[in-house]
Amino acid sequence: MEGYSFELITGPMSCGKTEELLRRIRRCIIAKKKVKVISPEVDTRSKGDYIESRNGLWLEAIKVKHAIQIMSVVKPEDEVVAIDELQFFDSNITKVISKLMEEGKKIIGTGLELDFKSEPFGHMPELMCIATKVDKLHAICMKCGCEHATRTQRLIDGKPADKNSPLIMIGGDETYEARCIKCYELPDREHIPQKRGLKVLPFIK
């Protein structure tokens, strides 16, 4: 039985997460499975109620604001639940997916494991722990061209974003690109280096 499972597809921007999700959804549809596709409302890159890969493939999806809303969207007859951009959901997403698994659903999800600071993104660490299968995809580094890009580089006006910039900035190729560890950059422009050595006090007569 295919239910009671959670397949998680992760990796940096531009590695093909949504494309792989759509491929698996198509296979489920061919197998005549009842599929429900869900996407977070905060992801505004798609102009309508659908998910879309960078190569132009798309599929209708239900947009939800809070993770708990997924429970009211998924119906008893739904056999497969596909959820895009899991990193954007609140803390209830882990409980929601666990509950759906208990109900015998097959869940297929995508999410950025690391944010632009190269730190765990949202509740992705918890989701990776409860997943029954994790596929970590790599992208092509947009700077050196190597095939092992695992970081998401944020660019503002063409330059690497400062580590103090906001965490959530929805964008596309013009604001984010995949980088390998060697080419990834995270400047800290607000940091003022501390002077080392003895402090010289002014002479007082």
Side-chain angles (χ1 to χ4, degrees), residues 6-21 38-46 51 53-54 63-68 70 82-98 107-194:
F6 172 31
E7 300 176 5
L8 180 58
I9 307 162
T10 186
M13 294 283 284
S14 304
C15 71
K17 295 186 299 297
T18 302
E19 181 180 351
E20 175 62 17
L21 177 65
I38 298 168
S39 177
E41 190 177 279
V42 69
D43 188 0
T44 57
R45 289 173 299 172
S46 297
I51 60 174
S53 66
R54 293 177 184 274
K63 299 273 188 175
V64 298
K65 186 174 183 180
H66 305 292
I68 197 67
I70 296 174
I83 310 174
D84 202 24
E85 304 291 357
L86 283 164
Q87 77 277 357
F88 288 138
F89 283 101
D90 56 77
S91 60
N92 285 319
I93 189 62
T94 305
K95 294 179 181 178
V96 167
I97 290 180
S98 296
I107 299 95
I108 312 173
T110 73
L112 287 165
E113 64 196 301
L114 300 174
D115 60 25
F116 82 98
K117 300 178 184 180
S118 195
E119 297 176 351
F121 203 149
H123 298 278
M124 285 297 290
E126 299 170 21
L127 295 175
M128 293 177 75
C129 287
I130 68 169
T132 54
K133 179 183 179 182
V134 177
D135 289 301
K136 187 172 181 178
L137 306 183
H138 291 177
I140 303 297
C141 178
M142 299 298 289
K143 189 170 183 179
C144 74
C146 84
E147 299 180 359
H148 304 289
T150 58
R151 302 293 188 266
T152 297
Q153 181 74 63
R154 176 184 288 173
L155 299 174
I156 298 178
D157 295 327
K159 298 180 180 180
D162 186 86
K163 69 180 298 183
N164 300 297
S165 60
L167 177 60
I168 305 297
M169 288 178 66
I170 307 298
D173 292 329
E174 76 283 357
T175 51
Y176 294 94
E177 64 181 31
R179 294 275 184 97
C180 65
I181 295 176
K182 181 180 177 180
C183 296
Y184 170 76
E185 303 173 72
L186 186 65
D188 185 0
R189 298 185 181 92
E190 291 187 6
H191 177 68
I192 302 175
Q194 296 293 321

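In this chain, numbering begins with 1 at the start of the sequence shown.
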Sidechain-backbone polar pair: Gln87 side chain, Leu112 backbone, donor-acceptor under 3.5 Å: yes
Side chain Lys117, main chain Lys163, donor-acceptor under 3.5 Å: yes
Looking at [atom1] of [X] and [atom2] of [Y], how far apart are the two atoms once the value is rounded to the nearest 0.5 Å?
X      : Y      : atom1 : atom2 : value
Phe116 : Asp162 : CZ    : CG    : 7.5 Å
Phe6   : Lys133 : CZ    : NZ    : 13.0 Å
Lys136 : Glu113 : NZ    : CD    : 4.0 Å
Glu20  : Ile108 : CD    : CD1   : 9.0 Å
Gln153 : Met13  : CD    : CE    : 12.0 Å
Glu7   : Thr110 : CD    : OG1   : 12.5 Å

Evaluation steps, side chain to side chain contact (heavy atoms under 4.5 Å, CB included), between Thr150 and Cys180: CA-CA 6 Å; Thr150 58; Cys180 65; over 6 Å; no
Partners meeting side-chain hydrogen bond (donor to acceptor under 3.5 Å, both in side chains) with Arg151 (sequence neighbours left out): Ser118
Donor-acceptor pair between Ser165 and Arg154 side chains, under 3.5 angstrom: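 Yes, a side-chain donor-acceptor pair sits under 3.5 Å.
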Ser39 side chain to Asp84 side chain, donor-acceptor N/O pair below 3.5 angstrom: no
Closest heavy-atom pair and its distance - [X], [Y]:
X      : Y      : value
Leu155 : Pro160 : CD2-N, 3.7 Å
Ala149 : Pro12  : O-CG, 3.3 Å
Pro40  : Lys63  : O-CD, 3.9 Å
Ile140 : Ala178 : O-CB, 3.7 Å

Identified side-chain contact (heavy atoms from CB on, under 4.5 Å) partner of Met124 from the options Asp115, Thr10, Thr94: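 The single option meeting the side-chain contact (heavy atoms from CB on, under 4.5 Å) with Met124 is Thr10.
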Pair Glu19 + Lys17, salt bridge at N-O below 4.0 Å: no
Side chain to side chain contact (heavy atoms under 4.5 Å, CB included) assessment of His138 paired with Glu147: CA-CA 7 Å; His138 291 177; Glu147 299 180 359; over 6 Å; no
With side chains defined as the heavy atoms from C-beta onward, is the minimum distance between [X] and [Y] less than 4.5 Å?
X      : Y      : value
Phe89  : Val42  : no
Phe121 : Leu114 : no
Leu127 : Ile93  : yes
Tyr176 : Ser14  : no
Val64  : Glu41  : no

Stepwise side chain to side chain contact (heavy atoms under 4.5 Å, CB included) test for Thr152 and Tyr184: CA-CA 8 Å; Thr152 297; Tyr184 170 76; over 6 Å; no
Worked check of salt bridge (charged side-chain N to carboxylate O under 4.0 Å, His left out) between Lys159 and Glu185: CA-CA 9 Å; Lys159 298 180 180 180; Glu185 303 173 72; over 6 Å; no
Listed partners of Asp90 passing salt bridge (charged side-chain N to carboxylate O under 4.0 Å, His left out), at least two apart: none
Stepwise side chain to side chain contact (heavy atoms under 4.5 Å, CB included) test for Leu8 and Thr132: CA-CA 8 Å; Leu8 180 58; Thr132 54; over 6 Å; no
